[in-house]
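Side-chain atoms are counted along with the backbone in the values below, which use heavy atoms only and exclude waters and symmetry mates.
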Amino acid sequence: MREELSDNCILGQLMEGYDCLMAMVGSVKVPPFSAGEKALQTFARQVGLTVESGGKHMLVKDGGKIITLIPHSIKENTAKHVIKDIIEWAMSMGVKLK
């Protein structure tokens, strides 16, 4: 699956379009790029990450390692970057997305 994804949906394309993300098959649904803070937190938890308060941002962690930050006020471009960071982590861990 990862080989197929890397051939057809390089990370640059992941940032460009939601269609590539929807082509992934699995058990966790990827939120739309317009997702708000709660949807992004839910997505992070569904793939096995923890979400902790970090003041102005929520910290998305794998153990003690910070994977990404989720600000309390989210713009679409920020959501894209958060989703990309979570997807990169999920792919590296073999988590299936849909």
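- Within the 4.5 Å cutoff, side-chain heavy atoms of Lys80 are placed close to those of Asn77.
- Linking ILVMFWY residues whenever their side-chain heavy atoms come closer than 4.5 Å, directly or via other members, places Val47 and Val51 in the same cluster.
- Atom CD1 of Ile87 sits about 5.0 Å away from atom CZ of Phe43, to the nearest 0.5 Å.
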Please list, one pair per line, the donor and acceptor atoms closer than 3.5 Å that link side chains of residues 54-68 to other protein atoms, with sequence neighbours excluded.
from, atom 1, to, atom 2, distance (Å)
Lys61, NZ, Glu52, OE1, 3.2
Asp62, OD2, Trp89, NE1, 3.0
Thr68, OG1, Asp85, OD2, 2.8

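- Distance CD/Glu37 to OG1/Thr42: 10.0 Å, rounded to 0.5 Å.
- Note that CG of Leu49 and CE of Met93 are 8.5 Å apart. Values are rounded to the nearest 0.5 Å.
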